[in-house]
Amino acid sequence: MNSMPSFFFSSRTVARIPSRLTLSFVAAAVLTGCSVTPPTAFTAQDLLQQDQTDRQAMFGAQEPITAPVTLDEAIARAIKYNLQQRLALMESALEDNLVNVQNQGMLPKLAARAGLRTRSNDNASVSETLSTGRVSQDPTTSQERSGHNADLQMSWNVLDFGLSYFGAKAQGNKALAAEERRRRVVADIVRQTRIAYWSAVTAQRLKGQVEKTLTDTRQSLDFARQTAQRRLVPPLTALRYQRDLLGMVRQLETLDADLALARSRLASLMNVAPNTEFELASMPDDALVVPTLAYARTDLEALAMVRRAELREEGYMGRNAALETRMSLLRLLPNASLFGGLNYDSNKYLSNQNWADAGMQVSWNLLNVLSWSGIEKSGKTREQVADLRRQALRMTVLTQVNVAWLERERALALFVRSNELSHLQDGIREQVENAAKSQSETPLELVRARVETLLSTRARDMAYADLLNAQSTVYQAAGIDALPDQVADQSVAGLAKEIAQTNRQIERGELSVPQLQPVALALAAQSLPAAKSEVVPVTTAVKTGAIAAPSALPAASLPAASAQPVAPTVSSGSTAPVWRTVSGSAWDSLGSLAGSDAHVQ
């Protein structure tokens, strides 16, 4: 007999294991499994300890605020420390890891197996001669009572390989779609941070004036009550006077509460611990400059068709619709399995205790053929649904770009009017103050003028904030990220510097509008009669001060390769744009894409 490998058990070792001891071990394991205690509820100490651990993880590794916070720093802190951004980043990393898991499914399977066996008596038998019918008198056996065996088998299933291949490609698309969802979360955080920052800045600018005016108004109200009690003025006049003052106090208290909430919202977005004191960079009145929009509406539409995360995400999911059809059809094909391995058995009656084997096995459920046509039709329908969903989403994105454009124009007109009203109200307040000094105006009118000036200033500042937010909404609708593609310095200061530089490039109109390749244009011209209703704008590079009007070509008939943008030619005086591998934004202000499972090629 062949010698036994060193890593296997010997038959003597097996013989020394009493059967009763083995049964005892089995019984103990069964009893242990049946005696599992139910989980206990959290105690107050457990929850407090968990809270302390979570707070340390939430706020422990943040850079402290040591200077007045600028808008760029606020955005940088929100992107780096906001918990929603961290969650989206972890989800994207999870999908990336699942890609590697799917890739492992294409490898052959290598299984090692070992076992022990024993029985209470011999596996003996007698035999009968077929020709004479005589039965042998002496029982014989070819197997020991106790023994052990082991094998090392490698197998490769061709069908499993094909399914794993398409599954890995589908998971890769899911990873790209997760990156687009992360971009949407980041863009939404940036938008909310801008709104909260400008609201908090205006609050900080008016805080001192609001407190002083509120104190003066309350003093005037107390004086009016004393005057009414002494009956120094007619009762009706006194009541009306107090009513007007109370209305002003209510307006000022509401404004003061709004100012306090603005800082809390901003602190939450920056993931700053509650009750943390910080200052915002001051904004003088001469800083209220109307921002310029360096892109035409058609150029923003073209950018949205390429950059919007929702469209890209929907494209990736459209790829998976085709992959699902291929996987369903692949399961109907014959299955071939290749195997080979090394084996060992301690049975002393075997002539060869060690041997190698190999082979191939083919199986096929012939009735699967009946399902082919149905699966093929359902697959085509699934792909058509994906196409229609992408086209509907594209129409929504185009609508959002145009609505955002109109909202910016409305916000610009509102700011111009609010600014004029603020200047007029400042003049009225000066006239009333001068008249009050000469006692030609009552204290009530002086208080009223000051309160109306505060409210007018607040309305002007909020109109300016709305204008800036409307402009950022236009960029968000076009899929223009406020983040650089790559950041070398991951600190808050370094990230804020990169964000500021990217924003300056966007405001100067240095982004280039993508255009289709010449080969793709020729293919599109040949397929115009069969084109669907979906269109993709074809534009040229945009330079500041010179905007080219785009044309439109049907895109449904274009090959997949033609949809890739070509980096446009950039003059020597500007920096060539960097194209993302995957690049979008969550969209809440218009409310049309929130929660859509969209994904792009």
Side-chain angles (χ1 to χ4, degrees), residues 9 17-65 77-105 107 109-118 148 164 167-168 170-171 174-175 177-186 188-189 192-193 196 260-261 263-278 490 492 586 588 594-597 599:
F9 296 99
I17 300 177
S19 59
R20 291 182 179 179
L21 182 60
T22 303
L23 294 176
S24 299
F25 282 136
V26 173
V30 172
L31 292 176
T32 302
C34 296
S35 62
V36 176
T37 58
T40 59
F42 284 119
T43 64
Q45 290 299 318
D46 294 335
L47 295 174
L48 289 174
Q49 182 64 34
Q50 190 178 67
D51 172 67
Q52 185 177 4
T53 304
D54 289 344
R55 283 176 182 263
Q56 181 63 28
M58 291 161 57
F59 309 117
Q62 295 188 15
E63 300 179 31
I65 300 176
R77 286 184 174 275
I79 292 172
K80 186 173 183 179
Y81 299 129
N82 188 273
L83 295 179
Q84 292 294 330
Q85 149 67 1
R86 293 191 204 176
L87 176 61
L89 187 62
M90 291 301 297
E91 290 176 348
S92 178
L94 174 62
E95 295 294 344
D96 287 337
N97 293 334
L98 291 178
V99 174
N100 297 329
V101 174
Q102 288 287 344
N103 288 334
Q104 296 295 325
L107 298 177
K109 293 179 176 60
L110 183 62
R113 181 175 57 182
L116 301 173
R117 66 179 184 276
T118 184
H148 59 274
S164 298
Q171 185 59 44
K174 291 180 180 179
E179 172 62 18
E180 298 302 328
R181 287 194 296 272
R182 187 195 67 81
R183 285 185 59 225
R184 289 195 324 194
V185 171
V186 169
D188 186 56
I189 291 172
Q192 294 181 35
T193 304
L261 289 176
R263 292 177 62 87
S264 299
R265 295 191 191 99
L266 180 61
S268 174
L269 287 168
M270 295 192 300
N271 201 45
V272 176
N275 300 323
T276 301
E277 295 295 332
F278 62 92
Q490 297 292 332
V492 171
D588 293 330
S596 61
D597 295 331
H599 308 260

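We're numbering straight along the sequence, starting at 1. Since the model is a prediction, treat every value here as computed from it, not as a measurement.
To the nearest 0.5 Å, atom CG of residue Asp188 and atom OG1 of residue Thr193 are 9.0 Å apart. For the atom pair CD (Glu277) and CZ (Arg263), the distance works out to 6.5 Å, reported to the nearest 0.5 Å. Expressed to the nearest 0.5 Å, how far CZ of Arg184 lies from CZ of Arg181 amounts to 7.5 Å.
The backbone N or O of Val492 lies less than 3.5 Å from a partner atom in the side chain of Glu63, making a donor-acceptor pair.
The nearest pair of heavy atoms linking Ala196 to Leu269 is CB-CD1, 3.9 Å. The two residues Asn271 and Tyr81 make their nearest non-hydrogen contact at ND2-O, 3.2 Å.
Every residue two or more places apart in sequence or in another chain was checked for a side-chain contact (heavy atoms from CB on, under 4.5 Å) with Ala44, and none qualifies. Considering only residues two or more places apart in sequence or on other chains, Thr43 meets the side-chain hydrogen bond (donor to acceptor under 3.5 Å, both in side chains) condition with Asp46. By the side-chain hydrogen bond (donor to acceptor under 3.5 Å, both in side chains) test, Gln49 pairs with no residue at all, sequence neighbours left out. In this view, Leu261 and Arg265 satisfy the side-chain contact (heavy atoms from CB on, under 4.5 Å) rule, not counting sequence neighbours.
The only option from Gln52, Gln50, Gln45 that meets the side chain to side chain contact (heavy atoms under 4.5 Å, CB included) definition with Leu48 turns out to be Gln45.
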